[in-house]
Amino acid sequence: MNTDEQLNIVVGVTGGIAAYKACHLVRYFKELGHDVRVVPTPNALNFVGKATFEALSGNRVSTTVFDAVEEVQHVRIGQEADLIVIAPATADFLARMVAGRGDDLLSATVLVATCPVVVAPAMHTEMWMHPATVSNVSTLRDRGTIVLEPASGRLTGVDSGPGRLPEPEQIGSVALAIAKAGALPRDFEGARMLITAGGTQENIDPVRFIGNRSSGRQGFALAEVAVQRGAKVTIVAGATDDLPTPPQAKVVRVTSAIEMADAVAQRAGDHDVFIMAAAVADFRPATQADAKLKKGNDDDALASVVLVENPDILASTVEQRVRGEVSPQSVIMGFAAETGSAEHTPLELAEAKLQRKGCDLLMLNEVGHGKVFGQLDNQGVLLSASGEREVVPAGTKFDCAVTILDRVAEVWTAKACRSQ
Ligand code: CTP
């Protein structure tokens, strides 16, 4: 399915306090040009009024199979949908889906649908951990329903824990990438994944630094999709745009390349998959002034900052694996930001980088002239140490994350099989 086209998206809303976030989800899809039909359960309307959903979606809203009977809408809405996203989904609604109930418009719509159904649960931690809910989630996943991981954090009232609804744009972007891919396998169940993201900042003095334009968006999109495929994710992040934390991921914040290198090296032995998406500064100032440097003073230190090379985090992780400090079954992936040169194409430069760094996979991005850095879209070529070359077609950074993780999963599975 091409999600650049206008899709018919059904946003199902069930009766939980997070129902208000569904309003933003509807707006997110509408702003991307999709047609949205909101189907709330009767209880959802205790939290958000029908008029709000009608105004935001531009479509009529009903909750019962007995409205507009002549249009057979309890069947038609599900048949015509390209994607159904239920957010929030209560524990009760999950149980009703498992039982195959069809006694309101939303449950009937889900029973009819053949398109991807994405469910974003939101409930108190006790309900999420209850054996009944755990079993319901597992049954739904076995049937092909995409049940998203909830975020951890503040719940209704004073308590906090897993069960919180992720932010609407997190749900929306993952759901659209799933709609394009058609499915979301749980192929990283049990994998411990470390992702570097964002740009490093190398201090010159307390007010100045050398930095770059990386937004961290590709690294965070990889983390979002990996979490939903079952991975336990740690992100070591430099400077990034203001991005929501992927559900249940741990984010370690660092500033400089040295700090990022230390944070990765300390944790490397506890991880199985490494994706180095950060834009790491190759050099840092040889000295960092304690006080602000002044023009014309301090031996003109500002006019000629002396630089020394930073450690290569990707190459160091490969070396840790060679030394046996990182599992031989691990998968290590890097990115190659290339503009090309008079002598070499970007692909030639990426081939050489793959060899030099010794990683298992390398994604070539052509950068410069507004391409990739800070943009919502990406594209490139995925190179593997075993010689395969795969074009990653243009798409959102979430679409690219799906393609990249498909390949990472293949390499991981192949290594695991070889070691048995
Ligand atoms: N990388 C790293 N540590 C560094 C520099 C780069 O881990 N000190 C990683 C990046 O995260 C990326 C890959 O190496 O996954 C390639 O980054 P890139 O900037 O394209 O390559 P460089 O090694 O910096 O080479 P050059 O700038 O010469 O192209």
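Order of appearance sets the numbers: ligands from 1, and atoms from 1 within every ligand.
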Mark up the atoms of ligand 1 that fall under 4.0 Å of a heavy atom belonging to [X], in ascending order.
| X | answer |
| --- | --- |
| Val280 | 2 (C), 3 (N), 4 (C), 5 (C), 8 (N) |
| Gly334 | 15 (O) |
| Ala336 | 20 (O) |

Give the residue, atom name and distance (to 0.1 Å) of the protein heavy atom nearest [atom].
| atom | result |
| --- | --- |
| atom 8 (N) of ligand 1 | Pro311 O, 2.8 Å |
| atom 7 (O) of ligand 1 | Leu314 N, 2.8 Å |
| atom 15 (O) of ligand 1 | Met276 O, 2.6 Å |
| atom 3 (N) of ligand 1 | Ile313 N, 3.0 Å |
| atom 24 (O) of ligand 1 | Asp282 OD1, 2.6 Å |
| atom 10 (C) of ligand 1 | Ala278 O, 3.5 Å |

Of the choices Phe335, Phe274, Phe283, which has the non-hydrogen atom that lies closest to atom 12 (C) of ligand 1?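 Nearest option to atom 12 (C) of ligand 1, by heavy atoms: Phe335.
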Counting heavy atoms only, which of Arg356, Lys353, Glu338 comes nearest to atom 19 (O) of ligand 1?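 Looking at heavy atoms only, Lys353 sits closest to atom 19 (O) of ligand 1.
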Would you please determine whether [X] falls within less than 4.0 Å of ligand 1 on a heavy-atom basis?
| X | answer |
| --- | --- |
| Lys357 | yes |
| Ala257 | no |
| Ser316 | no |

Heavy-atom side-chain contact between [X] and [Y] under 4.5 Å:
| X | Y | result |
| --- | --- | --- |
| Trp412 | Met193 | no |
| Val392 | Gln379 | no |
| Val13 | Val38 | yes |

Take atom [atom1] of [X] as the centre, draw a 6.0 Å sphere, and report whether it contains more than 12 heavy atoms from other residues, nucleotides or ligands.
| X | atom1 | value |
| --- | --- | --- |
| Gln355 | CD | no |
| Lys357 | NZ | yes |
| Arg27 | CZ | no |

Least distance between heavy atoms, Thr52 atom then Cys23 atom: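 Taking every non-hydrogen atom into account, CG2-SG, 3.9 Å.
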Search all heavy atoms of Phe335 against all heavy atoms of Met276 and return the closest pair with its distance.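 Scanning both residues completely, I find the closest heavy atoms to be CD1-O, 3.4 Å.
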side-chain contact (heavy atoms from CB on, under 4.5 Å) partner of Lys180, chosen from Asp399, Thr403, Val402: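 Checked Asp399, Thr403, Val402 against Lys180; only one passes side-chain contact (heavy atoms from CB on, under 4.5 Å): Asp399.
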Does the protein put a heavy atom less than 4.0 Å from atom 28 (O) of ligand 1?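 So far as the 4.0 Å threshold goes, atom 28 (O) of ligand 1 is out of reach of every protein heavy atom.
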Asp406 and Arg229 ion-paired at < 4.0 Å: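 Looking at Arg229 together with Asp406, the answer is yes, because their closest N to O distance falls below 4.0 Å.
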Ala337 versus ligand 1: do any nitrogen or oxygen atoms come within less than 3.5 Å of each other?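 Yes: some nitrogen or oxygen of Ala337 is under 3.5 Å from one in ligand 1.
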